Amino acid sequence: MRGNRSDVRAGGPEVRGNGADLGRPEVREAWPARLVAWSAMSDAGSSPAVTTPGGPSFRYNARLAGEIEARWQNRWDVEGTFNTPNPTGPLSDGFDAVAAAKKLFVMDMFPYPSGAGLHVGHPLGFIATDVFARFKRMTGYNVLHTMGFDAYGLPAEQHAVATGQHPRINTESNVATYRRQLRRLGLGHDPRRAVSTTDRDFLEFTQRVFLRIFNAWFDSEATNPLGGLGAARHIDTLIASFADGSRTTPDGRAWSAMTEPERRTLVDSYRLVYSAEVPVNWCPGLGTIVANEEVTADGRSDRGNFPVFKRNMTQWLMRITAYSERLTDDLDLVDWPEPVRLMQRNWIGRSFGARVNFASAAGDIAVFTTRPDTLFGATFMVLAPEHELVIALTTTAWPSDTDARWTGGHATPATAVMAYQSAAASKSDVDRQVEAKTKTGVFTGSFATNPVNGRPVPVFIADYVLMGYGTGAIMAVPSGDQRDFEFARQFGLPIEATIRPPDEWFAEHHTPPSLDCATWPTAYAADGPAMNSSNETLSLDGMGKADAIAAMNSWLEQNGCGHGTVQTKLRDWLFSRQRYWGEPFPIVHDEIGPIGVPESMLPVDLPDTDQFAPRSFDPNDAQSEPERPLDRLTEWKNATLDLGDGRGMRTYVRETNVMPQWAGSCTYYLRYIDPTLVEAITVDENERYWMGERGVDLYVGGVEHAVLHLLYSRFWHKVLFDLGVVGTPEPFGRLFNQGYIQAYAYTDRRGMYVEASDVEDRNGEFFYEGEKVNREYGKIGKSLKNMVSPDDMCEAYGADTLRLYEMSMGPLEQSKPWDTRAVSGAHRLLQRVWRVVVDEDSGESRVTDETASNDDLVALHKTIDAVRAAMDDLRVNTPIARITELTNHLTSTYPNGSPRTLAEPLVLLIAPYAPHLAEELWSRLGHPQSLIREPFPVADVTYLVADTVEIPVQINGKVRALLTVATGADGASLEAAARADAKVAAQLDGKTIRKVIAVPGKLVNFLVS
RNA sequence: GCGGGUGUGGCGAAAUUGGCAGACGCGCCAGGUUUAGGUCCUGGUGUCGAAAGACGUGCAGGUUCGAUUCCUGUCACCCGCACCA
């Protein structure tokens, strides 16, 4: 059933095709309303507990945990416990109290709120950041930690298409579910900052950042704030430089001599956001084009797994390539996992080489090569089938004596080229990959001139040359490049050596050394002395690779036919999507071209409609054309506006592409800082405070975003940095990739998944309804029927148990299997901690005023020391083992109640992991206020160094005895003590001692024979 | 093919600079509490062996008095990129 329009956007602003909708609405949603809603949603209440309520009345079980957790979550909300003050602005209440503290900005990669809700794998990182944040709060930091929602995107739209319900409704209900589930975990987030990218204020923020980028250009001469060359500048600085003549126009005419359309077109071509006809990935199955990053290795769409076709289309792009150097270099500034930095470096793919021009009848053909030193060996050229010069190079008839292999069986080059081009265009990347083993191509009929030796070289087109990299054309050096080698062999082209391979190379290939490449098994791509590489003014002969490249580059430059250059794999970011559920571009078009909407007229709302479905096509229909849903809304699309540029009310056509889902996540950390801000991106005082010197202090998320979100985000941040909006060169100072939690899944004889929770384990064999089933290991989710939701775990054990279990599973960065059975171990620990403080029968406190023994204090302070040491490195698992040991020590030493001086630190130690339980115990210990900012225990070093130490005594490296000695004992006294030991003496009796190694504090080792 | 990572009990895993391998938990075994099951509590649990002891951190070497840790080679699995000139 489909609701009427007012149902669809209940309470939302009216949207009409006139100027009014661009203005600021009168009333904005106030955040406290959200808070009220949160409190109302608190907990489902009575839930079946797995840990049965049969025991003593005050035993810590699921029921009691549920009560405690609901009570403290409500209290935290009511008291605004996690409200973090900003230095200034509406959220600055209480800042004075923390002004002297250090700041800490902790973030999780915010989730996409999917319809399935959370499973137990999702919150692993969220819990870890919460544990870390809580620990840091207790050590005196002013901690900013919250959680937003990345809520635009394809799945919501696809769900909407499937159900006919507007994506906003679906999205809002998913967000509500996520909020409820996250709240139930006791995450200490500032609820006032818990934004969604689909919020109207957030949309305005995203569009404002977009406009700043749109209204900027990259001045490669400008000095950026780090002192390097190249920076984004406001587009007006470009116009000014044209106007005053300090920058010449491409055709040399004076700015004043150009017409308005010419000026606009010229300026637009410089913007960091521009439209151009480019090869794109067209995905008919999704009905949209997708970014390179969204195409899988086998040439399919990341989402939906549909074939993707290369097409030339006019699209919006962001000039991320302008930043490729800084995006590479500045990876040195951040504390990130090395694999992620490496992946980014490889993705950007900078390589050093030369650009070389080959003259042809159709003009110069530019190529990029990393091996200009092999230019003398270039015996043919290959262009990508889509290369712009192909048509001009294609002759009407084959030159006489054209090799039959070069024609593809066609009568003329024109038909051969056309046939090859259309075949290439209809091939998806999948096909291209499958056929990659054999080289294909056709001759254009033209020759170009090798600039170093003046020899004519035939020009081919072939799909092994990619339009998207370099210039889309290569010089082929078959002796030095395996792909060119294979092509040359296949087409009977000459192969000439310009590098002398070492004899070992021939030996490895079982080939006699020879400089006749006809005998070579493969190309030789490594270093070696150059040969056959000289002309009248240049000789590389005898040089090594590095010298030869340098010599060639300067020769090319002197002779005006090339120069050394840097090439990247990274391409400009394809920024437009032909969909509905995304941020509209704040752009309108007049008869000349695009115009950015003034910031004062933001946001440009997504128009309400029930016609939101994009048109998708037969997934294999490469010839289909994308249709933009917004294009159909002619009333919205044709808008009469006064843009405030002095031209008054005019009719414009709105841009009908929407932004990709990555847009909302690019700068959301700035939104966390100032969630109420509407006129600006940031307020300096707040941004400088929270971002500090190095940006976000800790950013935790999965490694799947290593090159997508994290690269885009760095790019936007750098533009804002150049423009002075933010004060750090990098957004995320420290990145941590948490592992995934996976789970077992079970299939029956037919290979169908069966409900994992109903499978019985009988000594390593698995049975479902009496039948043996097969165990697999994979992602948690509905499709493998192994879904475990955090709600289930909260009901069975309580949130504190779930938190503790997830943190104890192993190192945070490691992937590990979920094991519901093992959760009870965490629950038992919490029960023991509870019993340290509370009598299970009476519910009364059982702590005593007894004095703790020296042994107790040693145990306590060692635990404190270990917990503190591990926490900064996010080694969240080992502190739990230490806390368990301490708890076991207390329960066995004091079965009837522990001394308060031990119980209180224990409660504080476990507080970051099990905050509800800890709050409850803390209050039962007589403290009226929350322990959230209670100082974390500090280890007293006097208890860390014991008076005596137990050391092993080895004989020939085997431990034979243990010795208790004074801590400071030197080597000689260690040896003496060891010899005095009866067991050792017996072992040594009758043997010759050749050597004694005595390491103070470590061991004694007797070497005997 | 190129680049990166990981291999330790039945399972998840510990082990500051090389110095008692297996902390802590799950599971399992035994006992206690309980009307019973479950819960909860106590003890045991790397392998072989009755024991003494021997063996043991993917495999093969090396350095060292001593190696999970350092070096060389190798195997397996996982991840990223992939006709990038």
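These numbers come from a predicted model, not from an experiment. Letters go in sequence order (proteins before strands), and every chain restarts at 1.
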Aromatic ring centroids of A/Y805 and A/Y797 under 6.0 Å?
-> no

Contact state string [nucleotides 12-18 of chain B, B base, S sugar-phosphate only, - no protein heavy atom under 4.0 Å] | SSS--B-

Separation of A/H827 atom NE2 from B/G25 atom C1', in whole Å?
-> 15 Å

Out of B/C65, B/U39, B/C26, which has the shortest distance to the side chain of A/R59?
-> B/U39

Ring geometry between A/W834 and A/Y60 (parallel below 30°, tilted from 30 to 60°, perpendicular above 60°) = tilted

Specify whether A/F491 and A/F487 have parallel, tilted or perpendicular ring planes, treating 30° as the upper limit for parallel and 60° as the lower limit for perpendicular.
-> parallel

Separation of A/I474 atom CD1 from B/C83 atom P, in whole Å?
-> 14 Å

Assign A/Q954 to base, sugar-phosphate, or nothing according to its heavy-atom contacts below 4.0 angstrom with the strands shown.
-> base

Rounded to the nearest angstrom, tell me the gap between atom CD1 in A/I549 and atom C1' in B/A85.
-> 13 Å

Answer with base, sugar-phosphate or nothing: what part of the nucleic acid does A/I951 contact at a heavy-atom distance below 4.0 Å?
-> nothing

Determine the interatomic distance between P on B/G9 and the same-named atom on B/C59; round to the nearest Å.
-> 10 Å

Just to confirm, is there a sub-4.0 Å distance from OP1 or OP2 of B/C41 to any side-chain nitrogen or oxygen of A/R835?
-> yes

Pick the P atom in B/G62 and in B/G49, then give their distance to the nearest Å.
-> 31 Å

Among the nucleotides B/C26, B/G25, B/G4, which one has an atom lying closest to any side-chain atom of A/L342?
-> B/G4

Residue A/A881, side-chain heavy atoms: nucleotide from B/C24, B/C26, B/C65 that is nearest = B/C24

Round to a whole Å and report the spacing from CG of A/L570 to P of B/G80.
-> 19 Å

Remember a base hit wins even if backbone is also touched, and classify A/R355 as base, sugar-phosphate or nothing at under 4.0 Å, heavy atoms.
-> nothing

Does the distance from a Lys or Arg side-chain N to an Asp or Glu carboxylate O, for A/R882 and A/E885, drop under 4.0 Å?
-> yes

Round to a whole Å and report the spacing from CD of A/E486 to P of B/A85.
-> 16 Å

Does any donor-acceptor pair link the side chain of A/K439 with the base of B/C83 at a separation under 3.5 Å?
-> yes

When you match A/V999 and A/S892 each to their closest nucleotide on RNA chain B, which lands nearer the 5' end?
-> A/V999

Determine yes or no for a side-chain-to-main-chain donor-acceptor pair under 3.5 angstrom, with A/K862 supplying the side chain and A/L886 the backbone.
-> no

Whole Å only: how far is the CG atom of A/N737 from the P atom of B/U6?
-> 14 Å

Out of B/C24, B/G4, B/A85, which has the shortest distance to the side chain of A/P339?
-> B/G4

Could you tell me the separation between the CD atom of A/Q482 and the C1' atom of B/C83, rounded to a whole number of Å?
-> 11 Å

Could you tell me the separation between the CZ atom of A/F1006 and the P atom of B/G66, rounded to a whole number of Å?
-> 16 Å

Counting side-chain heavy atoms from C-beta on, which of B/A85, B/G27, B/C65 comes nearest to A/N1005?
-> B/C65

Of all the choices, B/C83, B/G3, B/C24, which nucleotide is nearest to the side chain of A/E885 once you look at every atom?
-> B/C24

What integer number of Å spans the P atoms of B/U74 and B/G25?
-> 42 Å

Output yes when at least one side-chain N/O atom of A/R828 is less than 4.0 Å from OP1 or OP2 of B/C40, else no.
-> yes

Paired runs of 3 or more consecutive Watson-Crick or G-U pairs involving RNA chain B, with both pairing distances under 3.5 Å, are B:1-7 with B:75-81, B:10-12 with B:24-26, B:27-32 with B:40-45, B:46-48 with B:53-55, B:58-62 with B:70-74

Output yes when at least one side-chain N/O atom of A/Q831 is less than 4.0 Å from OP1 or OP2 of B/C40, else no.
-> yes

Flag, side chain of A/Q344 to backbone of A/T328, donor-acceptor distance under 3.5 Å | no

Axial cation check for A/Y464 ring with A/K439, 6.0 Å and 45° limits | yes

Nucleotide nearest A/T369 (side chain, heavy atoms from C-beta), chosen from B/A23, B/A85, B/C65 | B/A85

Mind checking A/S351 for me? I need base, sugar-phosphate or nothing, with any heavy atom below 4.0 Å counting as a touch.
-> sugar-phosphate

Assign each of A/A473 and A/M343 to its nearest nucleotide of RNA chain B by heavy atoms, then name whichever residue's nucleotide is nearer the 5' end.
-> A/M343

Out of B/G27, B/G19, B/A21, which has the shortest distance to the side chain of A/V959?
-> B/A21

OP1 or OP2 of B/G25 less than 4.0 angstrom from a side-chain nitrogen or oxygen of A/N888, does that happen here?
-> yes

From A/Q814 CD over to A/I741 CD1, what is the distance, rounded to the nearest 0.5 angstrom?
-> 12.0 Å

